[in-house]
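Structure record follows, encoded as structure tokens.
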Amino acid sequence: MHEHPNDYIKPELMACCGAREIRDGDVVIVGTGFPTISASIAKHTHAPRTMLMQESGVYDARPRRPALSVGDPCLNPGAAMIGGLTDVMGMFLQGGWVNVGFLAGSQVDKYGNINTTVIGDYDRPKSRLPGSGGANPIGALAQRVIIIALHNTRRLAEKVDFITTPGYIDGPGTRERWGLPKNTGPSLIITNKALLRFDPDSKEACLASYHPGSSIDEVVASTPWDLKVADDVHETEPPRAEELKALRERIDTIGLIKVYEQKGYV
Amino acid sequence: MSKVTTMKQAIEAHVHDGDFVYIGGYICRPPFAAIHEIIRQRRKDLTITRSNATDDFDLLIGAGVVKRFIASFLSLGFYGLGRCYRRSIEKGIPHKIEVEEYSNLSLPMMLMAGAMGMPFVPVKDMVGTDMMKVKSFMGDGKYKVIDSPFDGTPTLLVPALNPDVGIIHVQQADENGNAQMWGIGGDCKHGANASKKVIVSCERIVSREVIGKDPSRTIVPGFKVAAVVEEPFGAHPGYTPGFYDVDFPFGSLYQQASNTVEGFEAFLEEWVFGLEDRAAYTQHYVERFGYAAFKGLQAGFDYGYPVSYSY
């Protein structure tokens, strides 16, 4: 049995949930913050042969602090390989070698489609967001995609304003029709309230577990589509002692993860 | 033949109104000295491109020199959305730029195709998404979907890009333009080689003999290079591995300044128009923040085995 200290913050729980999705030996493409922290927890606990890469061209970096961007200087010294975008996004991702991709979304819908382009109409947007970056190809080509999102009726949507990054697009069969590689697509949405997994038949995100302090009713009420609840729905396992130890003492010694509390992940 | 010149002369001679310009960098090695000079010379109607644009592209857009942007991404990273980019798109300040949307796979592949003389390149991203629905100044030339002539599967083709001029900042180059870079590459190698000519900005000019001690690091050969400019601290507030770190406080200063049009104009006046060149910029930096802050950015040293190519 695992020991579960109760002094954790919500972003730590979310990072641990991401870590548990990683299998030993996975090749993981990560962005900054959460994804790196999550994958690193896996590497320091149950999956020591996990290999991380950043789209900017870095493979197996050994940063001395959490990277603040995928171009961060701390990713350079100690990496096993540094190339460029066509190396990581082309040779490795499009080449079919990436097991797990981590993405965050300003807006995420029930099929796991992600919007990072515009809020509102494309031609007259309320907010112009950064655009795809690496998100579209990671969503298209990584075998398992883990999505981080804020759980409210603004950030989750029945349908996103703009599909920047493909989840299951319009539902079952759509990825296949577009010729996206077999056995790829989103596998999990991690929110600050729950874990949502995709039904193998309907491809809709369904409630798999609710975090301690939340409830099925609260999660359903905060979700803007008719959220199905899995038969085996349960409370999310809190962070394990060894996960928190790895996170706080080896990966994020400066407590960077606390910025996610300010971003609303509470 | 030496191509060594000043940034002022390099931009005057090789970047013209209406040009299509590739600008390298990925927080790592953005050619900021060149970017400031382009703004100082008040170029207009430029089309700019590179994957993962940050504060340097935001600055160019805010300064009004950009007409079109072949884009994959633009944000201030840790500091959030690009303020000038947002004002341009949402409010038309100083004017609304036209954006062609690609990704960090398709755009670098388009530059790679351009570098290799390929007319187009198949990529496996973008399909099925709204990235396909939005077309700007490239119109139907943004992409084509065909049935693969080999196995019949739907295949997305995107066009090669060949910018009029590519601008990169590297660690070292010789006077003929053989340019050597290390650390995070982004799309620098393909972007520069896709361009019809290249301006190489570098931390130091070295001899041809030094280039030959580690020729695997050369990313652009001299014959493609039109101008070489020695610009120490030339990527600040970005970083150059082995020379200086990224300047996080300056990133915050830019974010604060660019929050408003007035703040942005004041920033331009202080850091671009008010300074003659990068040497004056560096001097101003030291005067404004102190020598300790400048010194604090300098990289440490951590050497591995020296490489040997001897036989």
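Quick note on labels: first sequence line is chain A, next is B, and so on, each numbered from 1. Since this is a predicted model, take the numbers as computed values, not measurements.
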For chain B, the option from [options] that forms the most heavy-atom pairs under 4.5 Å:
options	answer
C74(A), A135(A), G71(A), G134(A)	G71(A)
S127(A), G90(A), G179(A)	S127(A)
V118(A), T116(A), T165(A), V70(A)	V70(A)
G131(A), G84(A), P130(A)	P130(A)
A140(A), G57(A), P181(A), G83(A)	G83(A)
G120(A), P125(A), S69(A), P73(A)	P73(A)

Might you confirm whether atom NZ of K91(B) has over 12 heavy atoms from other residues, nucleotides or ligands at distances under 6.0 Å? no
Discussion item. Tell me whether the count of non-hydrogen atoms from other residues, nucleotides or ligands lying under 6.0 Å of CZ in R250(A) goes above 12.
Written reply: no
Cut-off 4.5 Å, heavy atoms of chain A, and the answer for V134(B) is side chain
Under 4.5 Å to a heavy atom of chain A? For T153(B) that would be neither
For the interface with chain A, which of [options] has the highest count of heavy-atom pairs at distances below 4.5 Å?
options	answer
V145(B), D187(B), L156(B)	D187(B)
C28(B), G183(B), G25(B), S75(B)	G183(B)
G186(B), A53(B), G77(B), G242(B)	G186(B)

Contact class of [X] relative to chain B, heavy atoms under 4.5 angstrom:
X	answer
T174(A)	neither
F162(A)	both
I138(A)	neither
P77(A)	neither
R175(A)	neither

[Y] side chain reached by [X] side chain, heavy atoms, under 4.5 Å:
X	Y	value
M131(B)	S132(A)	yes
I184(B)	Q54(A)	no
N136(A)	T129(B)	yes
F248(B)	L68(A)	yes
L180(A)	K124(B)	no

Hey, could you give me the [atom1]/[atom2] distance between [X] and [Y], rounded to the nearest 0.5 Å?
X	Y	atom1	atom2	answer
N52(B)	L85(A)	CG	CG	7.0 Å
D72(A)	Y26(B)	CG	OH	12.0 Å
S103(B)	M89(A)	OG	CE	6.5 Å
K96(B)	D123(A)	NZ	CG	6.0 Å
S72(B)	E55(A)	OG	CD	8.0 Å
T117(A)	E101(B)	OG1	CD	5.0 Å

Closest non-hydrogen contact found for L105(B) with L141(A) is CD2-CD1, 3.8 Å
Note: Q94(A) and M109(B) closest approach over all heavy atoms is NE2-CE, 3.6 Å
